[in-house]
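A quick write-up on the structure given underneath.
Hydrogens, waters and symmetry mates are skipped; everything else that's a heavy atom, side chains included, is used.
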Amino acid sequence: MTEEKKGTESHDPAYPEKFLQFMRTGWSDTELPVTLRAEAPNHAKRRAALSAAFPGETLVIPSGHEMVRANDTDFPYRPGSDFVYLTGEHDPESVLVMRPNGSGHDAILFVRPRSPRDTDEFFKDRRYGELWIGRRHTLREKSAELGVETAHLDTLAEVLNDLAPGRTRVLRNLDPHVDGLVRATGPERDRELAHTISEMKLVKDEWEIAQLQDAIDATVRGFEDVARIIPADRAISERLIDGVFGLRARHDGNTVGYSSIVGAGGNATVLHWIRNDGRTTPGELLLLDMGVENRNLYTADVTRTLPVSGTFTPLQRQVYDIVHASQQAGMDFIKPGVKFADVHTTCMRVLAEGLHDLGILPVSVDEAMSKESTVYRRWTLHGFGHMLGIDVHDCAHARHEKYKDGALDEGYVLTVEPGLYFQPEDELVPAELRGVGIRIEDDVLVTKDGAVNLSAGLPRTSTEVESWFATQRDQGPRLPG
């Protein structure tokens with residue numbers, strides 16, 4: 001047992017024996033009133049689908065460990081998405097093992113249960129002790145809540161050491177301890193497990209769609225909160241805006257689904273601007289790319305670009321309307337059977353046409369759109385969108401033929417987020433465009449009839465954005481209730 005596990009680091013006290021004896025007595029033993037979670041059957045269906053994909057093989061899916069932030073402090077823990085997708089469990093170090101039983105698989109969830117009273121862990125151990133981190137479930141409580149058999153994490157090593165590599169697949173690079181315990185299974189075999197889980201996640205069930213809507217609705221409230229504290233006539237810091245949205249995310253959900261992008265002025269042209277150490281300027285634009293991750297870890301991903309003064313200048317409006325037209329074209333095109341790549345082409349062509357109308361495109365639209373050229377991308381930089389779900393970039397391990405080179409299907413949820421970005425140093429565009437970055441992003445559900453905008457609670461057209469912004473400012477600041 002390590003020194004950390006014992007809770008005897010350099011800054012731990014030397015407990016006198018009388019204190020230890022005193023701490024070991026006088027504790028009641030209570031049960032938590034747990035019931036089966038409403039979503040547990042959904043997780044069981046997913047495990048059954050995974051079982052059918054790998055008959056006769058043992059599957060090992062870890063949750064992952066806490067990660068050190070500095071010295072003896074950790075980052076807030078967030079479990080592995082594929083693990084949560086199959087179990088609903090959120091505790092660190094947990095591992096799902098699915099062993100073949102002849103007709104399918106027996107699923108066993110290995111977890112660390114509550115601190116026992118037969119050791120001093122419950123009051124001495126800063127990582128696992130109940131008086132340090134709070135009450136964990138017993139094995140019985142965890143099983144009753146998740147609808148899956150549970151076992152003590154301390155017994156996992158014996159089980160994993162006994163697995164045959166040729167009949168085992170592991171979701172690698174989440175838990176070094178698990179990776180080390182399971183003998184080499186073959187990279188291709190393990191990658192196929194990751195591919196399969198990602199492809200299962202492409203189609204969202206009703207419960208997942210409800211989770212995404214919950215996260216999106218909270219995100220709409222967060223955008224409203226932010227709009228209410230942005231003054232039209234003076235500068236404020238990007239970090240104030242970041243913090244206001246973060247308050248909503250923490251109150252209404254788990255946290256933010258990704259680091260919020262708050263890009264004022266030229267910072268909006270940096271695609272992943274997360275330093276957020278700039279300041280707004282009246283007359284310039286403010287790009288906000290933010291999303292709440294809800295308590296079941298499904299996330300929204302929404303972007304709006306606001307005129308800080310409250311009104312777009314004529315040139316800002318022209319560029320904004322080009323981006324909006326591109327987004328609308330993509331949304332109108334989306335339906336089951338449409339290729340993901342063709343949605344991209346649809347959005348990009350509208351952007352290229354807009355660049356041509358602005359007098360910026362150095363070639364014809366057709367030449368710019370050709371595979372041998374794509375010069376329009378100097379000002380668009382990224383694709384039209386991505387899958388969304390329990391990860392902000394969901395289904396990331398799906399094979400290209402199922403995702404990027406595949407067709408959309410009913411139940412897919414994806415972002416539509418075209419943008420135009422004119423870098424402050426770009427000498428190929430007029431001076432008045434330099435430092436202008438505009439993106440509009442919404443979260444879209446593919447239905448049998450086409451696309452449904454789940455984030456329609458926020459306006460998209462330039463005129464609607466101005467009106468909404470004014471209304472929010474009139475309401476004034478608010479705290480989450």
Side-chain angles (χ1 to χ4, degrees), residues 219-245 260-271 273 276-291 302-328 350-351 354-355 357-358 360 379-381 416-424 426 429-442 455-477:
T219 299
V220 169
R221 294 190 291 273
F223 270 84
E224 292 170 349
D225 295 339
V226 163
R228 293 178 181 201
I229 58 94
I230 299 173
D233 57 352
R234 62 182 177 85
I236 61 168
S237 71
E238 293 172 346
R239 290 194 178 174
L240 173 61
I241 297 167
D242 186 346
V244 168
F245 185 83
S260 295
I261 297 170
V262 182
N267 293 339
T269 67
V270 181
L271 296 186
W273 176 260
N276 299 343
D277 58 2
R279 295 178 69 80
T280 63
T281 300
E284 293 186 344
L285 299 178
L286 173 65
L287 187 152
L288 304 170
D289 186 337
M290 308 183 295
V302 177
T303 305
R304 289 295 183 270
T305 306
L306 308 178
V308 174
S309 65
T311 305
F312 292 101
T313 68
L315 186 58
Q316 289 169 350
R317 186 184 303 276
Q318 185 179 1
V319 177
Y320 186 98
D321 290 348
I322 292 168
V323 175
H324 175 257
S326 169
Q327 189 198 36
Q328 189 62 53
V350 175
L351 293 181
L355 290 166
D357 293 342
L358 287 167
I360 293 171
W379 301 287
T380 66
L381 297 176
V416 183
E417 52 172 310
L420 286 174
Y421 312 93
F422 303 105
Q423 303 301 320
D426 191 344
V429 301
E432 58 267 29
L433 273 179
R434 296 172 195 168
V436 171
I438 296 174
R439 180 166 64 253
I440 311 170
E441 178 180 18
D442 285 274
S455 47
L458 286 174
R460 294 190 296 124
T461 71
S462 54
T463 301
E464 290 170 344
V465 165
E466 289 173 337
S467 176
W468 170 87
F469 201 2
T471 298
Q472 298 308 314
R473 280 173 161 162
D474 288 344
Q475 296 291 325

### Task
Of all the heavy-atom pairs spanning Pro418 and Leu351, show the shortest one and how long it is.
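Heavy-atom minimum between the residues: CB-CD1, 4.0 Å.
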### Query
Which atom names give the shortest non-hydrogen contact between Pro307 and Phe312, and what distance separates them?
CD-CZ, 3.6 Å
Do [X] and [Y] have side-chain N/O donor and acceptor atoms under 3.5 Å apart?
X      : Y      : answer
Asp426 : Trp379 : yes
Glu224 : Trp468 : no
Ser237 : Arg279 : no
Arg460 : Gln327 : yes
Thr311 : Glu466 : no

Mind checking whether [X] and [Y] have side chains closer than 4.5 Å, heavy atoms only?
X      : Y      : value
Ile438 : Leu287 : no
Gln318 : Leu358 : yes
Leu285 : Leu306 : no

### Task
Determine, for Phe469 and Arg473, whether the Lys NZ or Arg CZ falls below 6.0 Å from the six-membered ring centre while staying within 45 degrees of the axis.
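Flagged: Arg473 positioned over aromatic ring of Phe469.
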Working to the nearest 0.5 angstrom, can you tell me the gap between [X] [atom1] and [Y] [atom2]?
X      : Y      : atom1 : atom2 : result
Glu417 : Asp442 : CD    : CG    : 10.0 Å
Ile241 : Ile261 : CD1   : CD1   : 13.5 Å
Leu286 : Asn267 : CG    : CG    : 10.0 Å

### Stepwise side-chain hydrogen bond (donor to acceptor under 3.5 Å, both in side chains) test for Thr269 and Gln423
CA-CA 6 Å; Thr269 67; Gln423 303 301 320; 3.0 Å; yes
